[in-house]
Structure formats: structure tokens, C-alpha cells
Amino acid sequence: MRVRIGKALLYGSGLTVGSGLGYSLYQSEGDPNNVGAIRFGRAAWAVAKIGFDYKRTLYTGEVIDKDVYEKAKCECHLRSAQELLKLCCANGGVFIKVGQHIGALDYLLPEEYVNTMKVLHSRAPEMPLEDIYSVLNQELGQDPTELFASFDPVPLGTASLAQVHKAVLHTGEVVAVKVQHKYVRKHSFVDIWTCELLVRMVKVAFPQFSFMWLADEMRTNLPLELAFTQEAQNSEKVARIFKDYTWLKVPKISWRLTTDRVLVMEYCPGAHINDVDTLKSEGIDVFEVSRKIGQMYSKMIFDDGYVHCDPHPGNVLVHKNKAGVTQVVLLDHGLYTQLNNKFRYDYADFWSAIINRDVEAIKVAADSLGVGNLYGLFACMVTARSWTSIQKGVDVAERSASESAEIKANVTLYLKEITDVLAFVNRQMILIFKTNDLLRGIESSLGTKNSMSSFIQMSRSCLRVIQEKQLLEATSSFARWRVNLRGRWAQFRISCYEVFLYLYWSRLGKTLRLRG
């Protein structure tokens, strides 16, 4: 009797699971990749493999030969990063987003992970054209041939959550059509839950590391990014904020054809900001581009506190308009964050302390941002400079290959401490890390590091914020006059330093032997 009951339960369970998977497969239009259980299983298997690899390679006993251990660690990082990349590409959607986030944290995570994941910024999996047409039909209630006079089947770009195609309306207007991946909204809840569970599993297996900040970021931000009407509103808001920056172009929205899953906007031509060959072939001054990008992000962070949350080169285009003016085109406005005033003031104090090489002030400001005793490492993470260079002055300490090598080595050496900083620091700071990495990457690609454009623009904006804070604290007209005078003098000194840098790195500087 017990055997028969056991068999009945076994067969019943099998039938239930099989029926459930069959129904899920039916609901997913026959594609097993769209079944939640399969996606979760794939993710769990990949994380288990990575965890086992680390345990076997790095935690099997006492380290005898440090060089051999470091080599094994780098190789393990690379194998794990490649395994994670395969998972991201297989599951797509949210997992691509996580991979892109990792790829944007240069100087904060091991370079094996960053370099491996960076490919996702430009090589996200492509959605079939029939899926594009299906979403357009569902959202706009018409066949794409009725909506558009022409629709380019080759995408302009493919991202983690959507794909963009060039099209022409029946009015003759050229537009860019952003279409959400067909299943990404359906998968989002399960995928976020999966990411959070797997991060918790990593925490159990490796208690010395904490990556919950990554899961928290995804859980908070993804619902906002999946609402394209919100992106359209963000786009119009940032266009108003930067209305006086005539060189900045934000595509106009076609609201008639915009829903939560479809966004139709003005088509803006241009080369990606890291496509140096194209920029130079069009006669675009890369130093001017670098300066404008520094101005734009400095205004976002310090002046307005309204910051673009997905800063990577694929979202920034550059071209010359008909008047010959170099324009910067800012794309993908799906996610912005509003920095509060306290954070703006604390971060400005921290940046000011770095400029003034004031270690005690760095410590105090870092503590206000939630970092505590890790202030030295935090300063290195913000500036991507060594502690020696920070103490000497990042404005006078020349970058060198040995310093870059030291920083990259320290990322691996202090990985636990770096994850601690990311776990403890004010959540708004995670975005600033990504923005700083973007600016450094752009300067590196454009070959404009020596101009220190982003450092100068950040310094200008930082001093304006400090002046704003001091004016609020001033109790008399004379005190406000002194604050304004000091502010003008500080801006004048930066202008002089900017002229000096221009001369120092010019041919004239070499002729006058300002440098060796």
C-alpha cells in the first residue's frame, strides 16, 4: 500500500512539474529561454561553478608562493568573468544590465571582470525583427507598415532592455524607434529575484565579500527603466535644464507614438564619443569634446544634482551641425537620480579636500559619505590615482604607467576592502563612480588626459557648490561679499591653471622647456 502511495505521489509530482514546465513553455511561445525555471537554473548553475572554481583555486590551503597564487587568482577571475558573460548573453535582459554595470566599474573591480563585461555595452544580443514588429503592433495597435513609410531592419544599436531602429514617418520625418525586448518585462520580476538570491548565496559562501549593493541597485532601478514614458519625461526635463548649453542635443520625443514599451524620438546622427578616427576625420577637436563632456557631467552632479544614471560611450554621440558647431548628443534617458543637497555638499567638500591635499578634511568628508576609516581607499577609487599622488596633489602628480599598474594591482589586492566601500558608502555615490569612470575612459580614448578637462570642470563646479553652501551660512552682507570674492578668485586661479596646462603641453611649452 505504501509503495503504491509513494509511486502515485512520485508520478503525480512528475506530472505536475512536467505540466507546469509544459504550460510555461507554451506561454513562452516554445522558447525554453523564456521559461523562468530554466533561466533560474542556468543562473544558479553558473554561480555554483564560479563559486566552486574560487574555492578550489584560492581557498584550499596556505599560500606558499605569492606569485603563483596571484597568477592563479587572475586566471580564476578571467574564467569566472567569461562564465558570467555567457550567463548574461544566454539570459539577456536584466542579466545584460548587471553585466554592463560590472563593466562600468573600472578601477573598482578586477580588470578581468571589467574588460570581459565591457563588450556588453556595444554587443548586446539582437532581437529578431518579427519580435520588434510584434511589440510595435501590441503597443500602437497598427502594423509597422502603416505607422512608418520605411523601417530599417538593421538596428542602430542593441541594449540590455531595448533595441533602436531608424525609420521614416509618412510625414517624411526621420526618427529613431526604441522598442523594448519582447519578454524583458515578463522576465523582470523573476530575474531580479534570481539576482538577489544568487548574491545572497555568494555572501553565504564568501562572507568576506558583500555585493548586495548590486542587487539593491537593480531592484530599485529596473522598474523605472522599463517605463519608456518615464524616459521621455526625463529627456524633456534634462533638455530644459541644459537649454543654455546650445552645443548639447537631446532628441525630441514623438509623444503620439510613445508608450511604456515603445519610444519614438528625433533621429540624431553622430559618431560614438570613443570613435576617435571618425571624430578626427570630420575635423572635430577632441579637446573641445572632452571639455564639453566634463562641463555636462559636472553641471549634473554639482549644480543641479540631476544625474544621468547610465553613463557609457554608447549613449554619447558627437557630430558637427550645419553651422560647423561641434554638438554632443545625449541618449538613453531611462534612468536619472536626483542627488539631495546634503550629498552634493558632502561630495563637494570631499572633492575640495582632494584638490587642497588636506588629508584630515578628506577623512572628515569621507566619513560624512559613509566610508569611515576607508577614506584613503575611497579617495583612490574616486580619482583613480594612487594615495601617493593624492597626497602630492592630483593636479601636479603626473600620471605614469607604473602608477596605472599599481592601481590595477591594488584592485585585486584590496578587493574585499573595495566591496566594503561599495557596501557602506552613500548609495548615491555608486552612480558617481560610474560617471567618473566614463570621464576617465573618454579622456583616455580621446587622448586628452594631459588637459585634465574633467578634473578642471569638476573643480569649477565643486567650488561653486561650496560657495553656494557658504552663502546659505553667511549671516551678513559683508560675509556674503567675502564669500563671493573668494569664489571669483578661486575660479580665476583655475582659469590660470587651465592656460598653464595648455601652454605646458603645447609645442611652445616644449620649445620654452617648460617640460622635458
Side-chain angles (χ1 to χ4, degrees), residues 100-109 111 114-115 117-123 157 159 238 242 245 247-250 268-303 307-320 325-333 336 351 381-385 394-395 398-399 403-404 407-408 430-462 498 501-502 505:
Q100 288 178 336
H101 200 67
I102 292 170
L105 294 175
D106 207 0
Y107 295 102
L108 303 181
L109 295 177
E111 62 178 324
V114 174
N115 292 337
M117 293 299 167
K118 272 183 178 176
V119 301
L120 294 175
H121 287 143
S122 56
R123 279 172 41 197
V238 82
F242 283 92
Y245 285 51
W247 48 263
L248 180 63
K249 179 70 175 174
V250 178
C268 296
H272 285 125
I273 195 165
N274 57 354
D275 186 357
V276 181
D277 292 338
T278 301
L279 297 182
K280 288 184 175 179
S281 69
E282 295 180 2
I284 292 173
D285 183 350
V286 293
F287 288 92
E288 181 186 1
V289 172
S290 186
R291 177 177 54 79
K292 286 179 174 177
I293 292 295
Q295 276 184 311
M296 180 178 72
Y297 278 104
S298 297
K299 178 174 171 59
M300 284 183 181
I301 294 170
F302 289 107
D303 295 2
V307 188
H308 190 284
C309 286
D310 197 11
H312 65 79
N315 289 337
V316 186
L317 306 179
V318 182
H319 84 117
K320 273 194 174 182
V325 176
T326 297
Q327 280 195 318
V328 174
V329 182
L330 187 61
L331 305 173
D332 196 349
H333 303 274
Y336 276 77
W351 194 258
M381 290 167 66
V382 169
T383 60
R385 302 298 301 272
V394 292
D395 55 334
E398 290 191 25
R399 295 178 185 269
E403 183 187 20
S404 296
I407 292 169
K408 288 181 179 179
I430 301 294
L431 170 63
I432 306 300
F433 283 135
K434 290 173 67 177
T435 304
N436 288 345
D437 285 334
L438 169 78
L439 294 173
R440 284 191 289 266
I442 287 173
E443 286 188 347
S444 180
S445 298
L446 298 179
T448 59
K449 277 187 177 181
N450 291 334
S451 71
M452 298 182 70
S453 294
S454 61
F455 174 79
I456 288 171
Q457 300 306 326
M458 287 285 183
S459 299
R460 284 191 183 281
S461 294
C462 162
E498 199 168 8
L501 281 178
Y502 175 79
W505 292 107

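- For Ser298, the side-chain contact (heavy atoms from CB on, under 4.5 Å) partners are Gln457, Met458, Ser461, not counting sequence neighbours.
- Among residues at least two apart or in separate chains, salt bridge (charged side-chain N to carboxylate O under 4.0 Å, His left out) pairs with a member in residues 284-297 are Glu288-Lys292.
- Separation of atoms CD1 (Ile293) and CG (Leu446) is listed at 8.5 Å; rounding is to 0.5 Å.
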- request: Test Ile432 against Val382 for side chain to side chain contact (heavy atoms under 4.5 Å, CB included), laying out the working first.
  value: CA-CA 8 Å; Ile432 306 300; Val382 169; 5.8 Å; no
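- The distance from atom OG1 of Thr435 to atom NE2 of His308, rounded to the nearest 0.5 Å, is 9.5 Å.
- Residue Gln100 holds its CD atom at 11.0 Å from CE of Met117, rounded to the nearest 0.5 Å.
- One finds the CG atom of Asn315 at 11.0 Å from the CD1 atom of Ile273 (value rounded to the nearest 0.5 Å).
- For Ser444, the side chain to side chain donor-acceptor pair (under 3.5 Å) test picks out no residue, with sequence neighbours left out.
- Formation of a donor-acceptor pair under 3.5 Å by the Ser290 side chain with backbone atoms of Phe287 is not found in this model.
- With sequence neighbours excluded, the residues satisfying salt bridge (charged side-chain N to carboxylate O under 4.0 Å, His left out) with Asp303 are Arg464.
- Phe455 pairs by the ring pair (Phe, Tyr, Trp, His ring centres under 6.0 Å) definition with nothing, not counting sequence neighbours.
- Contact annotation: the side chain of Ile442 never approaches that of Asn274 to less than 4.5 Å [non-hydrogen atoms, C-beta and beyond].
- Annotation for Thr278 and Ala271: closest pair CG2-CB, 3.6 Å, computed over non-hydrogen atoms.
- In this structure Leu317 satisfies the side-chain contact (heavy atoms from CB on, under 4.5 Å) test together with His272, Val329, Leu331, sequence neighbours excluded.
- The 12-atom threshold is not exceeded at NZ of Lys280, counting heavy atoms of other residues, nucleotides or ligands nearer than 6.0 Å.
- Atom CG of residue Leu279 and atom NZ of residue Lys320 lie 11.0 Å apart, to the nearest 0.5 angstrom.
- Atoms CG and NZ, on Asn115 and Lys118 in that order, are 5.5 Å from each other to the nearest 0.5 Å.
- When the side chain to side chain donor-acceptor pair (under 3.5 Å) test is applied to His333, the partners found at least two apart in sequence or on another chain are Tyr336.
- Between Trp247 and Thr326, the closest side-chain pair of non-hydrogen atoms is not below 4.5 Å.
- In this structure, Lys249 contributes its side chain and Cys268 its backbone to no donor-acceptor pair below 3.5 Å.
- Residues Lys299 and Phe242 form a side-chain contact, since some pair of their non-hydrogen atoms from C-beta on lies under 4.5 Å apart.
- Of all non-hydrogen atoms in Met300 and Val307, the two that sit nearest each other are O-CG2, 3.5 Å.
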